[in-house]
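Taking it in order: structure first as structure tokens, then the write-up.
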Amino acid sequence: MKSSINLLLVEDCENDALLTELGLARAGFQANIKRVCTELEMTEALEQESWDLILSDYSMPSFNGLQGLSILKQSGRDIPFIILSGTIGEDRAVKAIKAGAKDFVAKGDFERLIPAITRELKEVEERERQRMSEHLVAASEDIFRALLENSLTGIYVIQEYRFVYVNPTLCRILGYSAEELTSGPLLQFVCPEIRDTVEANLKKRLEGTLKSARYELSMIRKNGSIAQIEVHGTRTEYHGSPSIFGILLDVTKRKQAEDHFSRTFHASPHGITLSSAKDGFIIKANEAFLSMTGNAKEDVIGHDLVELGVWANAEEMAGASKSQNRLISLRRKTGELLQVLVSDDKVEVGGETCTLAFFNDITELKKIESQMLRNQRMESIGTLAGGIAHDLNNALAPILMSAQLLRMEAADPKVMRILDVLEGSAKRGAEMVKQVLTFARGIEGKHGIVQLKHLVQDIVTLCKQTFPKSIDVRQKVAGDVWPVKGDSTQLHQVLLNLSVNARDAMPTGGILEISASNVTLDADSSRIHPEATAGAYTELIISDTGSGMPAHIQAKIFDPFFTTKELGKGTGLGLSTVRSIVKNHNGFLILESAENKGTRFKIYLPSLADSQALANGPAPLTLPSGNGECILVVDDEAVIRDIARQMLQTFGYTVLVAANGAEAVALCARNPGKIKVMITDLTMPVMDGAAAIAAVGTIDAEIKVIVASGSVLEGMAKEPREGSVRAVIEKPYTPEKLLTTIHRVLQEKNAVSAT
């Protein structure tokens, strides 16, 4: 209670007023006193100042205490009003108290007055505190209500299994009004399949056995859609009854994002792991990562990549956090190494910093890249081989033609044998050049009649000369083996590839046997092999006594780029090439092998069993002669020009020669109508063959052209250009091929052929 007070004294007697002031001072009050004695003065005083206490005389000439009490009530002020009187009567005191006076005290009786003043001042302070408290409570309720109404989360109060309060946010989440949500049981807003669980949970909390709970549930929006909800409710009292006060969060979008992430995580073709950034332990790994590493889920979760032995290189592991899309060698559980691109990033999951890592297996891409580089090298080799082939064929052509010219005049058997060797070597050289071009450029060979017994003999001879002496090379060829229609160079490649593989399978020696025989497959036998049809076949068998192959290797050996050889010792194309060639010859092959029991390849090629003439070889051919027709030979190689001139003159032709296209054009211009056929190379100095052909055509359109080149383009070999070009022959050519081609071109009017 304060000792300094503002006192309004309603008193007409100045002496009584002074007495009252002295009495208050003696009691310790520092009173700021204002005396009034009329109704007007009292009214003005109440309006102008605030007062802690009013002391009023009961009876005054023009004004009394009861009137003053009435004026105080009209002002609405809460000020203690004590009446002082010279005489105290019971009826006056009762009347004053009923009118609102706090006490009725005799003037000068300070023993009663001072306690009364003290009491009233204390009660005023208490009432003020009460009013302030009520104001603060009201203000707090307003603030709390504003927080509830404007909260970004749904807030609710539940009593007796129904909402009794919901805030606007909860209404917006579910799409109902507050009246709709509070008008019936709350379980009607819960998805049917979980209502029993939710009801049991509510019962436990309302009974007090479960004071607080946080869980997720599915609720039905007004539009019928499902909202994924997270709630956190606490048991409390509301208006004296057990209640649940809680908050409600709409986590539908978060759950959808989590579901999408989970689906993406598990469906991704790339390996993904989620691991703790603190210790590196894997928390989650998708199926692609498990498949990539060859581990089971239980082997991965709770372990780091070092424990799993995934890092094949310690230096790569040390730099693991220094770059994105870094290339590492990843070791599978089987020990196989993969080339993998790794990227990672830090993410927050449940308040914990984690590492999300992506593993992209590019092992096959690396193989393809390597193959592309190999193809580029082969393309470069092909370009180089084309130029070399031209020069080699120009060198072989005169040897081949000279040998056959000498054969016509030689009679000594010894000389004939030498010519046979010379001619055979030249032909073999030409075939080797053709094989180089075929490998380097992919140029298809021509299919003709192939005697497999000769092919087997060549391969056996080659193997005996080049394979280690610890390998016993044998052949077993039937005397009447049927010929086949095919490309001898490609079939030679098949036998050579399989023989080389057999050699590699016998590093310490063994037996390599190549056999050929005739077989006929009936309808029942052909059904055993999906690629076979009934008919006559020539069977080639290449067998070895080497290490053999397990079943899982046999399933892959024909796949392109698959190899069991060390890096750099095999391309993985040999057996896929073998299968492709056999298939292009309308044949099929069978593999028989077992570990430590050797390998056997059986190749079946459709035979020409019905052609006895073909089986016995072509009949001797009589070379055609000319009747003085003029032939123009155009070639930059002098030796080819000379041999061609001698041969053509020997067989009855008139011959002109030119060293390049410009000389050929000049000769045609000087001999109009005389030249019947022009045989020209394509690659020459000054003017090449193509330009010469065009120029000669403008001079004399009747001149027929035969293109003869050591590097004939694949397109020209298949589809010779129309117009004056009538045939295409490849160097080195034999006198037989040249003479028969000239004869055919002279006889035909408009035919265009490729020889």
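All values below were derived from every heavy atom in this structure, side-chain atoms included, with hydrogens, water molecules and symmetry-related copies excluded. Fair warning: this is a prediction, and the values are worked out from it, not measured in the lab.
Atoms NE2 and CD, from His743 and Glu748 in turn, are 9.5 Å apart once rounded to the nearest 0.5 Å. Glu513 CD to Arg600 CZ: the interatomic distance, rounded to the nearest 0.5 Å, is 8.0 Å. Atoms CG and CG, on Leu496 and Asp458 in that order, are 11.5 Å from each other to the nearest 0.5 Å. Here CH2 of Trp482 is found 12.5 Å from CG of Leu452. Values are rounded to the nearest 0.5 Å. Taking CD of Gln490 as the reference point, atom CG of Leu495 lies at 12.5 Å (rounded to 0.5 Å). Distance check, rounded to the nearest 0.5 Å: CD of Glu637 to CD1 of Ile643 gives 12.5 Å.
Side chains of Arg503 and Leu512 form no contact here, defined as non-hydrogen atoms less than 4.5 Å apart. Residues Ile362 and Val340 form no side-chain contact, since every pair of their non-hydrogen atoms from C-beta on lies 4.5 Å or further apart. Counting only heavy atoms from C-beta outward, the side chains of Asp635 and Thr680 never approach each other to under 4.5 Å. For the pair Asp681/Met684, a side-chain contact is recorded, criterion being any heavy-atom separation below 4.5 Å from C-beta on. Two residues are said to be in side-chain contact when any heavy atoms from C-beta on lie closer than 4.5 Å; His585 and Asp487 meet this criterion. Under the 4.5 Å side-chain criterion, counting only non-hydrogen atoms from C-beta, Asp700 is not in contact with Cys668. The shortest side-chain heavy-atom distance between Phe651 and Ser625 falls under the 4.5 Å cut-off. Using a 4.5 Å heavy-atom threshold, the side chains of Val634 and Leu632 count as touching.
Summarising the geometry of Ile679 relative to Ala708, their closest heavy-atom pair is CG2-CB, 4.1 Å, with the distance given to 0.1 Å. Here the closest non-hydrogen pair linking Ala664 and Met678 is CB-SD, 4.3 Å. Nearest heavy-atom pair, Leu455 versus His492, reported as atom, atom and distance to 0.1 Å: CD2-N, 3.8 Å. When all heavy atoms are compared, the tightest approach of Gln451 to Val481 is OE1-O, 4.4 Å. Minimum interatomic distance between Gly661 and Ala692 (heavy atoms only, all atoms of both residues): CA-CB, 3.6 Å. The heavy-atom pair separating Ile703 from Ile675 by the smallest distance is CG1-O, 3.4 Å.
Formation of a donor-acceptor pair under 3.5 Å by the Asp472 side chain with backbone atoms of Gly510 is not found in this model. At distances below 3.5 Å, not a single donor-acceptor pair connects side-chain atoms of Ser607 with backbone N or O atoms of Pro483. Checked by atom type and distance alone, the side chain of Ser515 never pairs as donor or acceptor with a backbone atom of Val477 at under 3.5 Å. The main-chain N or O of Ala478 is never found under 3.5 Å from a side-chain atom of Ser517 such that the two would form a donor-acceptor pair. Of the possible donor and acceptor atoms, none in the side chain of Gln465 sits under 3.5 Å from a partner among the backbone N and O of Cys463. For the pair Lys704 (side chain) and Val745 (backbone), a donor-acceptor distance under 3.5 Å is present.
By the 30° and 60° cut-offs, the orientation of the rings of Phe588 relative to Tyr604 is parallel.
Legend: residues meeting side-chain hydrogen bond (donor to acceptor under 3.5 Å, both in side chains) with Glu663, ordered by chain and number and at least two apart, are absent. Applying the side-chain hydrogen bond (donor to acceptor under 3.5 Å, both in side chains) test to Asp642 and every residue at least two apart in sequence or in another chain returns Arg645.
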If you apply the rule side-chain contact (heavy atoms from CB on, under 4.5 Å), what do you find for Ile514 with Ile541, and how did you get there? CA-CA 6 Å; Ile514 304 175; Ile541 299 177; over 6 Å; no
Show your working on side-chain contact (heavy atoms from CB on, under 4.5 Å) between Tyr537 and Leu521 and close with a plain yes or no. CA-CA 8 Å; Tyr537 289 85; Leu521 299 181; 3.7 Å; yes
Using the rule given for side-chain contact (heavy atoms from CB on, under 4.5 Å), can you reason through Ile449 versus Val484, listing the C-alpha separation, both sets of side-chain angles and the distance that settles it, and then say yes or no? CA-CA 6 Å; Ile449 307 303; Val484 299; over 6 Å; no
Taking it one step at a time, do Thr654 and Ile631 satisfy side-chain contact (heavy atoms from CB on, under 4.5 Å)? CA-CA 6 Å; Thr654 302; Ile631 308 297; over 6 Å; no
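Salt bridge status for Glu592 with Lys602: present, with a side-chain N to carboxylate O gap under 4.0 Å.
A donor-acceptor pair shorter than 3.5 Å can be found between the side chains of Gln457 and Thr461.
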